[in-house]
Enquirer: 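Pasting in a structure now, in structure tokens, and then I'll have a few things to ask.
Values below: every heavy atom of this structure, side chains too, minus hydrogens, waters and symmetry copies. Convention: sequence-line order gives letters A, B, ...; per-chain numbering from 1.
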Amino acid sequence: MRFNNISFPHPVMGISDDISGDISINPRIVSGLDNYDIYIEFFFDNYDIDLLIQGYQAEFICEVTCSDTLYRKIIKSPKPIIELCISRKEVKGRVDFTCLVVSRQFISNYSNAASHIDYRGFNFDIDPGEVLAYFGEFWFNADIRYEKLKAVSSFMDIVENKESEYTNFDLKKNKIEVQLPTLDYKIFSSDSIGKESKYASGFHSSIVLNALIIALYNFEDHKEEYQWAKVIDYRLKNEKEFESLGIAEKENIPEIAQRLLGNPFHRFLETLEIIVNSGKED
Amino acid sequence: MMKQLIFREKYVQLLKERLSHEEYLKHYSSKDFIYDKRQVLTLPNIDTTTDLLSKLDANDDYKTAISIYEAYKNLAPIQASDERIWVYLAHVDLYPYMIERRPEVFKGSSSNPSKYILDHWFLSSTSQSSLLRHSLAGLWWAVFLSIDETRGENKYNLTKILFRQIDFATRTLGTYKLGRHKEAVLGILEFIEENGDLFKRKFEDKTRFITKYLNFIGGLKPLSYYDRYFFKSELEKIREKISSIGTI
């Protein structure tokens, strides 16, 4: 069902100005190892709908859909709170939620005192399952490990490139791919360098930052299709430090890239200072 | 018992990219598909079925679908919508079936071999319609949506109706969000089963009509709220209209 630009035969709270009053939801998603736990609180202010709910003639529902796995489920509740658990094995990609109040049974001569003047004087017969209130929708991306978003590995891979002497960047993969020539890749992946944590800031401020800036300048072309762009998009929309930094303005991109990597220049210079100072103490 | 193998994601992408090069297209004209055996991963929870290929029939989609579903009934939905497994099966385990069921490139009669292979061996996306149109995934998902475990040994009776007409699962039901709601699918199939005479003629036109009609109802009602009996009673209300299709 779509709820934009739609008009039902009867007044529906939350659709246009059919019925006056506040209506909203407060969803919370907890990402676990095997499951997603979702908690939704419903808030609304309408006497007539509340009466129907209290009389078990109407109920709260949440419809969950995931088009990538053909998942579709309805959770019902007589109370303004719904808790549900979705196994990670059942969903992939975008998971959508729609929250409603629907009738549980046939209701004759329904009217709502807070309805728009256009509906005044009319009564409506409501069939089971018909929508009485629309609380809104939300979604999350089941491919994104939200608890690991800040890790560079959530959006970037460094791989070997046997065919070139120079580093190449491939944005048309699920992760941004930095393709190092064979000799460089061997050095990078050695235990004494690539796996040594003190050099991480060096890699971040050079190889990773370069790749990320290129990716961000090409962000718009890739954000619908590639996982790396969706991960970055999520961070830009949900982390406070990006609130005033729109990616559409190209001059923001260097700062966005540095913030995504946790200020890599500063960390690198700090690391150099530590190395130099520890050298002096020796 | 061997575990089921799948292709690595990067290898799937490479196979797709190669379709634009004629030198690689000829691989689909040979009886065995040559692939890089290092580019595989193991699905730890799925065993292979050694004699599966012998159970498939290129002339009987229903029989093939049941066999594939039985062999892979332990697939979680997230695995069953994963391109990697279906591309692997199409290129390796079930390749002989694929060249028989989709023979145009193998026989050299395709006007656009690259597109033909892309359409039948690969998924264009993991959307509902793409899954249902794939030569192997579509069969598995059609059974998944139509199997009725409450019927015991007759659990595939409704599946048989789904395969009565070639596009019913893929292009008719599969196109609409309605097709994602199992109770809706079962309700439609049960109605057809219980009203066999009504659907003796013009099956394709009538199934298109009823799917469109129910999807239209879905514009104003949350269809997943309802069980199969709702869908059957809605179709009962328009029995006359269904009957009149094809009579003018």
Enquirer: Between B:Phe122 and B:His91 (judged by ring centroids, cut-off 6.0 Å), do the two rings come close enough to count as a pair?
Expert: yes
Enquirer: Are A:Phe124 and A:Tyr110 an aromatic pair, judged by ring center distance below 6.0 Å?
Expert: no
Enquirer: Measure A:Arg104 against the heavy atoms of chain B and call it side chain, backbone, both or neither at under 4.5 Å.
Expert: both
Enquirer: Is the ring pair A:His10/A:Phe8 parallel, tilted or perpendicular, if the boundaries are 30 and 60 degrees?
Expert: tilted
Enquirer: Using non-hydrogen atoms only, which part of A:Glu225 is less than 4.5 Å away from chain B: side chain, backbone, both, or neither?
Expert: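 It is neither, since no heavy atom gets under 4.5 Å.
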Enquirer: Under 4.5 Å heavy-atom distance to chain A, tell me which part of B:Glu9 shows up: side chain, backbone, both or neither.
Expert: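 Just its side chain gets close to chain A.
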Enquirer: Name the region of B:Lys10, side chain, backbone, both or neither, that has any atom closer than 4.5 Å to a heavy atom of chain A.
Expert: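 For B:Lys10, the contact with chain A is made by the side chain alone.
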Enquirer: With chain B as the partner, which of A:Lys172, A:Lys73, A:Glu130 has the greatest number of non-hydrogen pairs under 4.5 Å?
Expert: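 Among A:Lys172, A:Lys73, A:Glu130, the one with the most close pairs to chain B is A:Glu130.
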Enquirer: Tell me, for A:Glu63 versus chain B, whether the close heavy atoms (under 4.5 Å) come from the side chain, the backbone, both or neither.
Expert: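 It is the side chain, since no backbone atom gets that close.
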Enquirer: Output the option from B:Asp82, B:Leu223, B:Ile78 having the highest count of non-hydrogen pairs under 4.5 Å with chain A.
Expert: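 The residue among B:Asp82, B:Leu223, B:Ile78 with the greatest pair count is B:Ile78.
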Enquirer: Using 4.0 Å as the upper bound for N to carboxylate O, is an ion pair formed by B:Glu190 and B:Arg151?
Expert: yes
Enquirer: So which part of B:Leu131 gets closer than 4.5 Å to some heavy atom of chain A, the side chain, the backbone, both or neither?
Expert: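 For B:Leu131, the side chain is the part near chain A, not the backbone.
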Enquirer: Using non-hydrogen atoms and a 4.5 Å limit, figure out which bit of B:Tyr226 sits close to chain A: side chain, backbone, both or neither.
Expert: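 When you check distances to chain A, only side chain atoms of B:Tyr226 fall under 4.5 Å.
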Enquirer: Can you tell which part of A:Phe3 gets under 4.5 Å to a heavy atom of chain B, answering side chain, backbone, both or neither?
Expert: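 Neither part; nothing is under 4.5 Å.
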Enquirer: Taking the six-membered ring for Trp and the single ring otherwise, decide whether the centroids of B:Trp121 and B:His134 are under 6.0 Å apart.
Expert: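 Centroid separation for B:Trp121 and B:His134: 6.0 Å or greater.
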Enquirer: Tell me, do A:Val91 and A:Asp68 make a side-chain contact under 4.5 Å, heavy atoms counted?
Expert: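 Heavy-atom side-chain distance check fails, nothing below 4.5 Å.
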Enquirer: Test the A:Arg88-A:Tyr36 pair against the cation-pi criterion, namely NZ or CZ under 6.0 angstrom from the six-membered ring centroid and within 45° of the ring axis.
Expert: yes
Enquirer: Select one option (side chain, backbone, both, neither) describing which atoms of A:Val102 are under 4.5 Å from chain B's heavy atoms.
Expert: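 For A:Val102, the contact with chain B is made by the side chain alone.
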Enquirer: Of the backbone (N, CA, C, O) and the side chain (C-beta and beyond), which part of A:Val159 lies under 4.5 Å from a heavy atom of chain B, both, or neither?
Expert: side chain
Enquirer: Is A:Lys76 close to chain B through its backbone or its side chain, or both, or neither, when contacts mean heavy atoms under 4.5 Å?
Expert: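 Just its side chain gets close to chain B.
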Enquirer: Which heavy atom of B:Pro222 sits nearest a heavy atom of A:Gly129, and at what distance?
Expert: CD-O, 3.2 Å
Enquirer: May I ask you to establish whether B:Lys37 and B:Tyr35 are in a cation-pi arrangement, using a distance under 6.0 Å from NZ or CZ to the six-membered ring centre and at most 45° from the ring axis?
Expert: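 Because its charged atom sits under 6.0 Å from the ring centre and within 45° of the axis, B:Lys37 does stack over B:Tyr35.
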